[in-house]
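The next block holds one structure in the form of structure tokens; read it before the comments.
So you know, we letter chains A, B, ... as the sequences are listed, proteins then strands, and number each from 1. What you see below is based on every heavy atom in this structure, not just the backbone, and it leaves out hydrogens, waters and symmetry mates.
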2 protein chains.
Amino acid sequence: MSLRNALLALLTARPLTAYDISKQFGASVGYVWFAPDSQIYPQLRRMEEEGLVEATELPSEGRRTKREYRITDEGVRAFREWINAPASHQRERSVHHLRAAYLEWAETDEARRNMERHIAFYREQLAQWEAQRAALLDRSSPTLAARLAGSPPEQHERIVAFKVFTYDGLIERARSEIAWAERGLELIEEMAAEPTPAPVHARA
Amino acid sequence: MSLRNALLALLTARPLTAYDISKQFGASVGYVWFAPDSQIYPQLRRMEEEGLVEATELPSEGRRTKREYRITDEGVRAFREWINAPASHQRERSVHHLRAAYLEWAETDEARRNMERHIAFYREQLAQWEAQRAALLDRSSPTLAARLAGSPPEQHERIVAFKVFTYDGLIERARSEIAWAERGLELIEEMAAEPTPAPVHARA
DNA sequence: CAAGTCATGTAACGCGTTACATGATTGG
DNA sequence: CCAATCATGTAACGCGTTACATGACTTG
């Protein structure tokens, strides 16, 4: 359900082709909600059938024709409905924490490598989120520019403020994941030993 | 793939029926990896076919027969393999951050209510994670007791340490979600205004 | 002339969610 | 006697992941 809203969100800024969108999912919005091509193309088709978006074929001789998607009034309505709907919270489901809880079963080397992977991943994310935040503040993001161009100037501050706030949250999350995994590395060293043996009750 | 490992993890402590497991998923492990009954029962059956677990029918006159699941050596192997395998990190996909990024589209009231929901949810999670952490430290968790009973005493410290570390991460996460949403509430008040109008490019 | 990027997908599969089904026993 | 708890599931549906397919044009 959220891919749909991520797509609508993007299209509220300006009309785009599925290809453009999929590039954006590889960057900007993709840093908040990622989706691969294989989800984007069919989802846009379905949204077209539902009347949330409209496509215009832009023929360009030789090349395959592009389809430019534009949000409809109904799409805007649906998007607004989603944003105002009560947010539902799912119960926790974190693979990394699950793994961490049973680290006594791991080889010290592999445990260390996995913590390092965790740190590397979030350092990467952190860099991108910080770059994105900076691009919002100095208005160098093209999506933001298009969005601001299509909305009244008295709204500009709010629009930017909420996006910066979003990235602030993600940046904080990245930092705390990094700090956590660094403590994890220390703990692994402290506890370095053979992994636990199989429990007595296991059966061959 | 992780439900399977969460189940194996639980069964390394002691044999359990699907019903017991599903209770645990509503509490202890469920605070790290949640799953409903409708996933647990069929998954255990599949794992039985794969030879990762073995079931013993415990007939009790009158009542429906319980099936007690016990991890097999192959199950232990599979679990160890998972814990040592390189952790794969998915790209970000956070509904709440997605929503936050487009809060200029929301009604102030609804935006506020959703932030309050976010805070309430994580306060609840925080309380449970803190309780869980305390239960580990004072050894009052029954699953932990069973696990420690089935493993050599020199391992006990490690076993507890990794679990405490896990909950520390979750507790930190909950705190930062709460702090973020509290800043969100302030921002919503500061920015209180009519939601943005529909963009000029939308089509009826 | 090869690699990359433009442009659009399909197909298969597993995971997760929600709702529903069934029936016995135990406790207030 | 009614609600909760014990005990086990099925069915339908949508979301997400991975891998693959196709073909033209552009840049080094």
Side-chain angles (χ1 to χ4, degrees), chain A residues 1-8 15-27 29-30 32-50 52-53 55-69 82 87-95 98, chain B residues 1-8 15-27 29-30 32-50 52-53 55-69 82 87-95 98:
Chain A
M1 193 84 315
S2 279
L3 171 58
R4 179 199 172 122
N5 294 301
L7 291 169
L8 289 175
L16 290 163
T17 66
Y19 184 73
D20 294 334
I21 291 174
S22 115
K23 292 299 108 173
Q24 301 250 321
F25 271 81
V29 220
V32 181
W33 191 275
F34 174 76
D37 295 12
S38 61
Q39 259 195 291
I40 295 168
Y41 286 94
Q43 182 66 38
L44 283 168
R45 289 284 181 168
R46 244 172 291 141
M47 289 165 68
E48 194 183 354
E49 281 166 35
E50 293 169 39
L52 303 174
V53 299
T56 330
E57 308 237 332
L58 304 178
S60 50
E61 58 307 337
R63 283 194 172 286
R64 200 198 261 236
T65 41
K66 310 193 224 190
R67 314 189 78 231
E68 195 183 57
Y69 290 95
W82 169 72
S88 81
H89 285 83
Q90 253 56 53
R91 298 275 308 263
E92 198 59 41
R93 204 176 280 116
S94 161
V95 207
L98 180 63
Chain B
M1 195 83 314
S2 277
L3 170 59
R4 178 199 172 121
N5 294 301
L7 291 170
L8 289 175
L16 289 162
T17 67
Y19 184 74
D20 294 334
I21 290 175
S22 117
K23 294 299 108 171
Q24 301 252 320
F25 271 81
V29 220
V32 181
W33 191 274
F34 173 76
D37 296 12
S38 61
Q39 260 195 291
I40 296 170
Y41 286 93
Q43 182 66 38
L44 283 168
R45 288 283 181 171
R46 243 172 292 139
M47 287 164 69
E48 194 184 353
E49 282 166 36
E50 292 169 39
L52 303 174
V53 299
T56 330
E57 308 237 330
L58 304 178
S60 49
E61 61 303 341
R63 284 195 170 284
R64 200 199 261 236
T65 42
K66 308 193 222 187
R67 315 188 78 232
E68 196 183 53
Y69 290 94
W82 168 73
S88 82
H89 285 81
Q90 253 55 51
R91 297 273 311 260
E92 197 59 40
R93 203 177 282 118
S94 162
V95 206
L98 180 63

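Under the side-chain hydrogen bond (donor to acceptor under 3.5 Å, both in side chains) test applied with B/Arg46, the options B/Gln43, B/Glu48, B/Glu50 reduce to a single match, B/Gln43.
Look at CZ on A/Arg93: it is 13 Å from C1' on D/dG16, rounded to the nearest Å. Residue A/Tyr19 contributes atom OH, which lies 14 Å from atom C1' of C/dG9 at whole-angstrom precision. One interatomic measurement links the two molecules: CG of A/Leu7 to C1' of D/dC15, which rounds to 13 Å at whole-angstrom precision. When rounded to the nearest whole Å, the span between CG of A/Leu58 and P of C/dT8 equals 9 Å. At whole-Å resolution of the value, CG in A/Leu44 and P in C/dA7 are 15 Å apart. Protein atom OH of A/Tyr41 is 19 Å distant from nucleotide atom P of D/dT18, rounded to whole Å.
Between B/Glu68 and B/Tyr19, every side-chain heavy-atom pair lies at or beyond the 4.5 Å cut-off.
Side-chain N/O atoms of A/Arg67 include none lying less than 4.0 angstrom from OP1 or OP2 on C/dA7.
A heavy-atom distance below 4.0 Å to DNA chain C is reached by none of the residues of residues 20-27 of chain B. Residues of residues 32-39 of chain A having a heavy atom closer than 4.0 Å to DNA chain D, listed by number: A/Trp33, A/Pro36, A/Ser38, A/Gln39.
Over its full length, the helix from C/dC1-D/dG28 to C/dG28-D/dC1 turns its helical axis through 40°, comparing axes from the five pairs at each end and rounding to 10°.
For the residue pair A/Ser2/A/Asn5, the side-chain donor-acceptor check at 3.5 Å is not satisfied.
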